[in-house]
2 protein chains.
Amino acid sequence: MADLGQGTKKKRKTASPERMDIRTIARLANVSIATVSRTINRIPTVNPKIAKRVWEVIEELDYFPNTQARALVSGRSWILGLIVSEITNPFFPELIQGFEDIAVEHGYEILVSSTNHDPKRMSHCIRRMLERKVDGVAVMTFGIEAPLLEQLAQRKIPLVFVDVGPDGPNISVLKVDYRHGIRQGVQHLAALGHRKIAFLRGPLALHSAQSRLDAFSESMRECGIPPKPEWILQGEHTLEGGMAAMQQLLAGKDMPTAVMCSNDMTAIGVLHSMYRAGLRVPDDLSVIGFDNIHIAEVTIPPLTTVQMSRFDLARAAVNALRACVEGTETSPQKHEYNIQTDLVVRESTGFPRGTMKELRKKSPTKK
Amino acid sequence: MADLGQGTKKKRKTASPERMDIRTIARLANVSIATVSRTINRIPTVNPKIAKRVWEVIEELDYFPNTQARALVSGRSWILGLIVSEITNPFFPELIQGFEDIAVEHGYEILVSSTNHDPKRMSHCIRRMLERKVDGVAVMTFGIEAPLLEQLAQRKIPLVFVDVGPDGPNISVLKVDYRHGIRQGVQHLAALGHRKIAFLRGPLALHSAQSRLDAFSESMRECGIPPKPEWILQGEHTLEGGMAAMQQLLAGKDMPTAVMCSNDMTAIGVLHSMYRAGLRVPDDLSVIGFDNIHIAEVTIPPLTTVQMSRFDLARAAVNALRACVEGTETSPQKHEYNIQTDLVVRESTGFPRGTMKELRKKSPTKK
DNA sequence: GTGAAAGCGCTAACAA
DNA sequence: TTGTTAGCGCTTTCAC
């Protein structure tokens, strides 16, 4: 019962029998702790027979290595940070879920934090990542907070951004092709006969919001419709912002016949303001969102929107980070990560007021 | 430039100047690492003058202790686990946000994971918590997965559950008073004149769902309305479940005049099915949800629902865990954590079909 | 009140 | 191929 350990000539005050560490495994498998370590880390030089014996002991005792000790000595925490702007916008939980699944699949733990667009929170958040020694950080705030992120970049922590980010050896950027989906949206509207199209943009600070607006303006011009400045309003990417912007539009003298929104939350706000005003979508106004969050399927009416795959985004982010961390230095060339966007037509878009009847006359009513 | 360290007679191969650890601080402050450690941990016996000097060096170098090393030696990770069922149900992100804020405020990091009601995921998730050596776990799945959680309980990891949980020294349970809010809902409906009230319940496996149903049945009886079994359907706590259940109700010969739902997602599904069927809420059917997620304010029509504070829930959970971890052994008595629920009346509830006109005649139309 | 030194559980360099 | 051992950066006795 007493200390029968093999090479325990010195130290280790108490040899409590319940202690479950690499030493216990080594003792029971009759090997050194180094061999156990090698076995666990699947170092190919271990004799298969011995490895088998070690694994058996490990499984029998349901042993797993202490991650803290491991991290301390190896310098790798196997934790990936994920910074999002607002966890309460349904887009993000869907993204987080994907990120978690993929990261865990590769053996990483994740550290999620939301900034709520608050620089103070952002800076706390970076500090937390630093303290926990994350192996890499995905900055999915869709904005660029360069000064703050400096701390991470300086310490050579692999970083991945969306749309745009500082240049650097360990920095990747996921390029979202907003143009494709937004152009489809504008063309869809134009094809229905809309010429008076408003855009509810997101916060100025968000690069992605700017990109979406740019894509809109450009697509409008492509369709030969000059975008009207009074019809480009701030939607803030929130329910409330969408409602407020729509009210502003309703109060104006000249009403657009369609509205594109920089995200789905804004569009849902618009839907609500229309409902409040006693107006109908799409009869009185066509509405297009952006993101295609799950709930967009059941808004009233179901929202026509631009789909951006959170799963693709999550996978690309994890892969980009892994490429840096696990350093396949054989291929130091930057990978290109492109994310597609596509229009999903539902029922919030239709012909502009007035044209419907005429068009109906032309084509016989469907059964 | 060479090794001038104070007591570095032996070891420490490379003394790279950029190394930023407790030793650096000790050297620059002219004290031992023990004193630095004590200072950081605010041990009162440290001479204030020396402490001040140490803090100055710490701040100047922007030093912070290595959490891994700290955790390794102290046995405390300062990580709190949070297990939720589905991060994509908006209720949970709101809860997570609160949990994160409160935990971080007290110096903890959080490890969130969602099980999606999948036992396999649940078990992975528990393993991850174990591997990262969390100091405590909040199991906010609103269901009870006793067998799986055994692993955590056995290792004496502080646990907190909602509604119901195994008994044990380190286990707390947050009691949600579903009855209060649900009774208010039923009474609200009864007061409007409803007698035909259906209930769309959540998954059987979820204890909270069962409690909500029980509260409903009991409240119905209190109001003298015997609940009708055919009107108690499975809503699954999802959009899709709500839609399907409502369709079932619509297909039945006898339609209720009101529906209470076990959560808001279900209610949103109901709203959508009604819209699809060309029926109106609340004119043709009154609908009440549960949770009061943010989006319930802008559904069409805005949802009457029962509010359950995620913030209270989050705060109670963190406090319960902290009480165990930080062990104020002076008060080993179990704290009682009660969470209130309250009805929030919006516009998805109204008089049952037919009664409205009569009632209107009685009271003059409001201006 | 402060410092020296022993480890926390593991990985990796070096030896055998 | 396998074992021995020196730390990773910190907390915590135990002397002084």
Side-chain angles (χ1 to χ4, degrees), chain A residues 5-16 18-27 29-54 58 61 63-78 130-133, chain B residues 5-16 18-27 29-54 58 61 63-78 130-133:
Chain A
Q6 314 224 43
T8 7
K9 326 164 215 221
K10 30 182 174 174
K11 45 193 142 179
R12 298 203 76 70
K13 281 177 204 165
T14 54
S16 68
E18 311 91 343
R19 159 165 275 121
M20 258 282 284
D21 58 12
I22 201 173
R23 251 169 286 258
T24 317
I25 306 299
R27 184 158 37 79
N30 251 298
V31 292
S32 70
I33 59 165
T35 300
V36 176
S37 176
R38 289 195 197 97
T39 306
I40 290 169
N41 293 300
R42 304 206 133 77
I43 306 290
T45 62
V46 195
N47 180 327
K49 282 186 184 168
I50 298 189
K52 188 162 173 288
R53 202 166 74 220
V54 172
I58 288 175
L61 299 202
Y63 162 83
F64 50 87
N66 179 318
T67 41
Q68 337 251 36
R70 232 178 183 181
L72 183 58
V73 61
S74 71
R76 288 206 37 198
S77 64
W78 287 91
L130 246 26
E131 287 185 355
R132 295 288 168 174
K133 296 258 183 304
Chain B
Q6 317 224 43
T8 7
K9 330 166 210 217
K10 29 182 173 175
K11 45 194 142 182
R12 298 201 77 72
K13 281 175 202 166
T14 52
S16 69
E18 310 91 345
R19 160 167 274 121
M20 256 285 281
D21 58 12
I22 201 173
R23 249 169 289 258
T24 317
I25 307 299
R27 185 159 36 80
N30 251 298
V31 291
S32 70
I33 60 165
T35 299
V36 176
S37 176
R38 290 194 195 99
T39 307
I40 290 170
N41 293 300
R42 304 205 133 79
I43 306 290
T45 63
V46 195
N47 180 326
K49 282 186 183 167
I50 297 191
K52 186 162 174 291
R53 202 166 73 221
V54 173
I58 288 176
L61 299 203
Y63 163 83
F64 51 86
N66 179 318
T67 41
Q68 338 251 36
R70 230 177 185 182
L72 182 58
V73 61
S74 71
R76 289 205 37 198
S77 64
W78 287 90
L130 246 25
E131 288 183 355
R132 295 289 168 173
K133 296 257 182 307

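Here is the naming used below: chain letters follow the sequence lines, and residue numbers restart at 1 for every chain.
The distance from atom CG of B:Asp21 to atom P of D:dG7 is 14 Å, rounded to the nearest whole Å. Between the NZ atom of A:Lys52 and the P atom of D:dT1 there is a distance of 19 Å, rounded to whole Å. We find that CZ of B:Arg70 is positioned 18 Å from P of C:dG9, with the value rounded to whole Å. Atom-to-atom, CZ of A:Arg76 to P of C:dC10 comes out at 18 Å; the value is rounded to the nearest Å. Separating the CZ atom of A:Arg23 from the C1' atom of C:dC10 is a distance of 8 Å, rounded to the nearest angstrom.
Distances were taken from every side-chain heavy atom of B:Thr35 (C-beta onward) to each of C:dG3, C:dC10, D:dG9; the shortest belongs to C:dG3. For A:Ala34, the listed nucleotide lying nearest its side chain is D:dT4; candidates were C:dT11, D:dT4, D:dG9. For A:Asn41, the side-chain atoms get nearest to C:dT11 when compared with the rest of C:dT11, C:dG3, C:dG7. Side-chain atoms of A:Val73 lie closest to D:dC8 of the nucleotides D:dG3, D:dC8, C:dG3. Distances were taken from every side-chain heavy atom of A:Ile22 (C-beta onward) to each of C:dC10, D:dT1, D:dT12; the shortest belongs to C:dC10.
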Practice task
Quick one: do A:Arg70 and A:Asn41 satisfy side chain to side chain contact (heavy atoms under 4.5 Å, CB included)? Show the steps, please.
Solution key: CA-CA 11 Å; A:Arg70 232 178 183 181; A:Asn41 293 300; 3.0 Å; yes
Exercise for the section: Output, in order, the C-alpha distance, side-chain angles, deciding distance and verdict of side chain to side chain contact (heavy atoms under 4.5 Å, CB included) for B:Val54 and B:Arg38. Expected result: CA-CA 10 Å; B:Val54 173; B:Arg38 290 194 195 99; over 6 Å; no
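Dashed line: the shortest gap from a side-chain N or O of A:Ser37 to OP1 or OP2 of C:dC10 is not under 4.0 Å. Residue B:Asn66 places no side-chain N or O under 4.0 Å from the OP1 or OP2 atom of D:dC8. An OP1 or OP2 oxygen of D:dC10 is reached within less than 4.0 angstrom by a side-chain nitrogen or oxygen of B:Tyr63.
The residue among B:Ile50 and A:Ile33 whose nearest nucleotide of DNA chain C is located toward the 5' end is B:Ile50. Each of A:Phe64 and B:Arg38 lies near DNA chain C, and the nucleotide nearest B:Arg38 is the one positioned closer to the 5' end. When the nearest nucleotides of DNA chain D are assigned to B:Val36 and A:Leu72 by heavy-atom distance, the more 5′-ward of the two goes with A:Leu72.
At least one donor-acceptor pair closer than 3.5 Å links the side chain of B:Thr39 to the backbone N or O of B:Thr35.
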